[in-house]
Every structure is written in structure tokens, then in C-alpha cells.
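For reference, the structure discussed in these notes is given below.
In listed order, ligands and their atoms are each counted from 1. Owing to the predicted nature of the structure, the values given are computational and were not obtained by experimental measurement.
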Amino acid sequence: MAILYDSGKRIFKLDTCHTTYMIGVTEEGYVAHIYYGRKVAHTGGTYLLRLHEYPQPLRLPREKGTFLNALPFEYPTAGVGDYREAALDLANEQNQHGTELFYDSYSIEKGKPQLTGLPSAFPGKDDGVRREDGMLTDMVETLSLFLVDPVLGVKVTLLYSVFPKEDVITRSALIRNDGSQKLVLTRALSASIDMDDRGFEAVTLAGNWARERRIQQRPLNFGKTQIGSTRGETSHQAAPFMALVTPGTTQNSGEVYAMQLIYSGNHTEVAEKSQFSSVRLITGIHPENFAWRLGPGECFQTPEAALTYSAEGLGRMTRSYHDFIRGHIIRSPWKDKPRPVLINNWEATYFDFDQDKIYEIAKDAHAAGVEMMVMDDGWFGARNDDNCALGDWFVNETKLKGGLAPLVERIRGLGMKFGIWFEPEMISPDSDLCRAHPDWMLHIKDRNPTLARNQCVLDLSRKEVREEIYSRVYRILKSAPIDYVKWDMNRTLSDVGGMSLPPEGQGELMHRYVLGLYEMQERLITDFPDLLLENCSGGGGRFDAGMMYYSPQIWCSDDTDAIERLRIQEGTSLIYPMSTMGAHVSKCPNEQVGRVTPFDTRANVALAGTFGYELNIAALPAEDREKIPEQIARYHRYHGLVADGDYYRIHSWDEKEPWDCWMNVSKDKSEALVTYVQVLGRPSTNSRLAFLRGLDPDAAYTITEECGAAHVENGYGSFVPQTEGCGDELMHMGMLMPPLGDFQSRLYHLVRQ
Ligand code: GLA
């Protein structure tokens, strides 16, 4: 059983295969966090609450404040004496803030409830582990803790679902007003844990446009270490993730406490080191600009957070999150299928195309083996540059005579699939949509909304806006057989005023926007169940597990330079599966950084993601063009390994090594793919040793080198690639990597003999 209640000690013990999470209830009824870490067998941990060290309110009510400031809480509240970062803050009808929660009851159930209107993890098909006696153990179970604030009449349900195989626990809170006052919720976070500090450092993913999700690490000092987004979307700047690691943590050793939020709007992640050297790690919807009316009988459901603990470094955290997202978040029927290798015309044509140009790009691509043509921005309304027409989702018949159907028919006639770009959340001031509905954009009374890329954001909290936009998208998708949609979002939210909400409801807008977005995407994948949906936001500005509930892949970054992508993809794959990373081969010199990299390396780096091309094949040098069929064959050969296997980070250019190397190992360890990129050539040095990981120590592997063009001489003779090796040797003695020139790369395929 994953969840156990020890009624004598009033302890809840949540077990995954390798971890234990323990919750206690104090005599007063406070719900306290006892322990999270390596698995333990017993429930004797109440001493960690140190109840004897602080004045307990029952015994010494006059010192209750000291107690509240020190107790490790499961779901800390604001206003009555705990001055650390709070998870919950409610204002009463006098606009006075104060909430205090006490334990009421609990339930333990098999499986897991889905959250209404929000993405949330689901129990998988092959949950559980079958024991030798045939019994299925380690199934997903859910603990509900019912807490009450007797003064406000508020009931809070803390939900904990335990995913034993993946070592993940999801948490969320449902807040219900059972009282008679009109309350306002000004803070409703998803998860919080309090621990003793152990010299923790915070690991986060930071970035900006074209430089998304770079791994950051910083020590915790007294006070708050905070990241987050108030931009209305996940953001390029901060992924909804924070991990606390013990000093010296590496890929393979050290302890890691991680939280990631399954949500796509404003978020906050805070690690607060208190006066007593305890550390609170907390995540949820960012409280800035958040105020939710909670009238009598009304509920608010927070998004879900996914927690994991690893005693074996960051690598184990990564693999737990990959398995969890693949098995319990991504619903698309495309999840386990090879994705069609696509070509996208964006960098080849920008807005300058017509039916014939798209067809010609598709024809050349098809001849090289590409499987799907994706028509990007510029096919609708009067859209000839990025100044106008967003919202006018009608085919531009000057470019595409006769609408979409004739073009799609020609493309399908080649034997290719067809995909199309939309940016449904946006409105150009210069558009027929805006002329008809000028009040549909987010804006503040008497103020011109700030433009970004010359566009404004539609108020998706309004039903009539969602209806109209969705029906336009729907009509296009019904007008021809369309296999794929790229759903883009090219600016963040500002001027967040909504015309359909009263003044006291304006603080709901940001979250209602996200709920509206989720509703539209749910409709889309319900109406078109076979559609392959790829989300995108100016590259990777909305790359999060929430969006993965709707789309199995997300465009990782507008930066398609292979070397920049090494960093971006390393950061992204720290917590998100490789099968979700949209990655393409683009032309050189690269559009974003002007760098020239070998065509092979561009393909080898894109193989770590969904794979495709973002260029005009006819404009490529012949020697590159000829390589495409083999690159596509390689994608098909290795897709399963990359998408479903275990990921190991071996070397990191981001950590200032001159080379980058990662591995994908099949779950049964029978096969592995090693990708090695030499970022800076280093002649006259010893060739490097990569200590491989995840192999079967007792097996011998055959090693085949792919892309085996010339190696650089190392000064002492030619490098001879290894053709076989034993698992234990490759993992403990390492494998020789060749000395290569700048930006050259190799793939090694290992097969158990
Ligand atoms: C964004 C996307 C690009 C492309 C353009 C089109 O920047 O990230 O891939 O679709 O929009 O305007």
C-alpha cells in the first residue's frame, strides 16, 4: 500500500518505491510536515516536529506566536503568526486577512481524481508492479486531508496522489467556502514543504527569448530565493520548477527535493530560509494580481504540483519526471508514436509565399523523405508581415487560391501529411476582428494597451471570445484534412483589464485566461482526436507540464542553432521528456546567431527532440541534401530509444566543458544511443573519456559509430573508434571519444550482444 495511516500516532506515511513522505497531526490539530526523503519502514518520526522545543499552544497559549513561526506546516496560512511564505491567504468581509487550518478527517482511495478544468496527472494503464505471487502492488493512491478554519467556515482539502513507480507525489488544494461571508482568496498555492536546512542550493531554469531554460544554481541564504512569472504565461524567463540540492550534488549523487507546477500561467517558486534555519519550498499560482472571490458555497481548485525526491543526484530526478510526464500527463495518441518528420516553411519564406511556393518546398522535401508539410504564419487575412490580421482566421485567397483544400490535396497527393500554424489568443489592432470587436482585447480603461510585435491579447476569460475564435479555427480545420496544428502565442499579457468582470473580479482575470486557454485546447483535441498539436510561444515561452496535457510536443526555442540548442535542450530535458522537445534542422549561417555548423551536427542535435526541418531543401548544398534520407532513417531508427528510454547526461558544455554528451538507454538496457558533440576543437590533447551510464554491467555491447566522417588527428596517430565494450567497463573505465574539430559530432549505437 502506498499510503498508510497510523491512527495511534496520527501519522500519514506516503511511500513510493524509493521515497517516504510523512505528515503528522499535532494535539491542537495542526497538520505538520514531518519528513520527505529516502524510504523508511516505520512511523516513529514525530520527534522531527520538535514539539518539546517550542511552546505548544495547548500548554502555553500565551506563546502561540512562537510556535506558529517554527512548526513545519503542510499548508501554511497567512495572517495569524507564521511569517514565512504562506500557501493560503483569505480576506473576510472586513478585508482582514487571517486563516488558521485544523485537521478534520481524511480519506484514502485507489487511483486519482482528475481536476476539473485544469491539467492533472492521471493513473496510467500499466500502473503497479506485479509481484511473483501475481498480486499487483504499488498502484496509484490518493490521500485527501480535510482541514477546516472554524472561524471562516472554510474547508480545505489537501490532495496527495502517490505514483510509486515514478517516485512522484502530486499535490493540490481545494478551498471551499462553507461559511456565510463573502471571502476573497488572495493566495492559493499548490504545495509547500518545510525542512531543516542542509546547506541547500536552489536549482532553477532561467532564460529569455531564444535562450530558454538554462540551468542555474545558487546557495540559499537567510530570506527568500524566488523565481516566477507574472507575464500571464509560464514565460521564457523562469520555468515553473525549483529543486533544492545538498552541497556537491552531481548528476549521479547528492539529494534533490524538486517541485514542478503543472500549470501554464503566472507562477511562483520560493525557497525561504527562516530565522531558525528551516527551509520552506513552495510553489503555486503567483499571488501578484490574484484575488479570487469566494462566496458562500463556492470552491477554488489550485493547479497541481509534482514533487519528487532523489537520493541519487539530479539524473534520478530527471528520469523520475520523464517517466511521470510520459506516463501520467501526456494524453495524446501521438505519445508513443513516431512523429511525422516535418518541414516548416517559416525560415524558408517568412510571409512571402503562395500555394506554388509551399507546394515546391513540400515536393523537394518529400523527395528527400520528409513526411509532413507545415505552413507557418502568413496564410490568413491580409497577413503579409507581422503588423496585422491576427484574429482573421480566413484563408488569404491571393496567396492560396481556392482556399486550403486545393493545396492540401496537392500535398497529400505527394503522400505527405499537412499541418498549419495559428495564433488563436491574439488580435492585431489592424484586423477585421478588431474593427468588429475593439473591446475584445485585454485593456485598461482609458489606456492604450501596450503593443508587442504590434499585437494585443484577446480576453480569453470571455466565453463569447473563445466561442468565436474557436469556431474560426474549427472551420479551417474542417475545410481540409489537416494532421497537425502549431498553436503559437507570441507575446505576454499586459494591460490586464477585462470588460466582462466587475471591479472586484479583475484579480481573477489572469487565472481565468489560463482556464479559457485550457478549455479551448481541450475542445480542439476532443473535436480532432487524431490531431498532432504542437504548442509554441515565441519559441519556448510556454513550455510546461500543463501544456503537455494537451500537446505531446512543444516548440523548444526560436533559436535553432545547433550549439545554442545544446544548452537549451540540456535545460529543458532536466525535467521534461525528450519526446516533448520540438527540434529542427535549420539553414546556415544560422538565422539567430550567424553560426555555421555541420549539417550532420544540426541533425544529431535535433534527433534529441521531435525532429524536422526548418529550411528550403532546394536551397541546400547538394552534399547536405543527399544526407537527408539517412538522417530521417536515423530518426526512425532511434526515435523509440530517445522518446521512451532513460536519459543520462554525461558531459555538459553548459558546465564549461568543451564537449557535450548525453545518452538514451532503453528500459531493458539492451540498447543505447550516445550523442557526442565537440563544441570547441582541442588538438594535441588526449581524447576524452565519457563514463557511460545506465548500461547492463554484465553485458557486452557492440558499438557502431554513425556519422563517422574524418576524425581530427590527435598528434600521435589516428583515433580508432571502439567497436565493443562491456557494460561495467564502459560505465567505470569509460569509453574513448574521438578528437574532433569545432562543432563536429558523433552518434554511437550500443547493442547488447
Ligand atoms: C514565432 C514562432 C516561430 C514562427 C513565428 C511566426 O516566433 O516561434 O516559429 O511560427 O512565430 O510568426
Name of the residue among Trp487, Trp334, Trp555, Tyr484 meeting side chain to side chain donor-acceptor pair (under 3.5 Å) with Glu534: Tyr484
With a 3.5 Å cut-off and no angle check, do the side chains of Asp430 and Ser428 form a donor-acceptor pair? no
Under 3.5 Å, is there a donor on one side chain and an acceptor on the other for Glu304 and Ser120? no
Closest non-hydrogen protein atom to atom 12 (O) of ligand 1, residue and atom name please, with distance? Asp377 OD2, 2.6 Å
Using the six-membered ring wherever Trp is involved, compare the ring planes of Tyr474 and Tyr470 and label them parallel, tilted or perpendicular (cut-offs 30° and 60°). tilted
Donor-acceptor pair between Thr572 and Arg213 side chains, under 3.5 angstrom: yes
Measuring from non-hydrogen atoms of Arg453 to any atom of ligand 1, is the shortest distance under 4.0 Å? yes
Sub-3.5 Å N/O-N/O distance, Cys536 and ligand 1: no
Quick test: of every protein heavy atom, which one is nearest to atom 9 (O) of ligand 1, and how far off is it to 0.1 Å? Lys486 NZ, 2.7 Å
Could you list the atoms of ligand 1 found under 4.0 angstrom from a heavy atom of Asn490? 1 (C), 7 (O), 11 (O)
Identify, for atom 8 (O) of ligand 1, the protein heavy atom at the shortest distance, and state residue, atom and that distance. Asp558 OD1, 2.4 Å
Side-chain donor-acceptor pair present, Glu570, Ser652, cut-off under 3.5 Å: yes
Output for pair (Lys486 NZ, Asn535 CG), nearest 0.5 Å, gives 11.0 Å
Evaluate Trp346 for polar contact with ligand 1, using N/O atom pairs at a separation under 3.5 Å. no
If you have a sec, work out which protein heavy atom is nearest atom 4 (C) of ligand 1 and how many Å separate them, to one decimal? Asp376 OD1, 3.4 Å
Within ligand 1, which atoms have a heavy atom of Gly539 less than 4.0 Å away? 8 (O)
Starting at CG of Asp495, measure out to NE2 of His443 and round the result to the nearest 0.5 Å. 9.5 Å
Note: ligand 1 atoms sitting under 4.0 Å from heavy atoms of Gly538 are 8 (O)
Polar contacts were defined as any N/O atom of the residue lying under 3.5 Å from an N/O atom of the ligand; does this apply to Asp488 and ligand 1? yes
Take every heavy atom of Asp386, measure it against each atom of ligand 1, and state whether any distance is under 4.0 Å. no
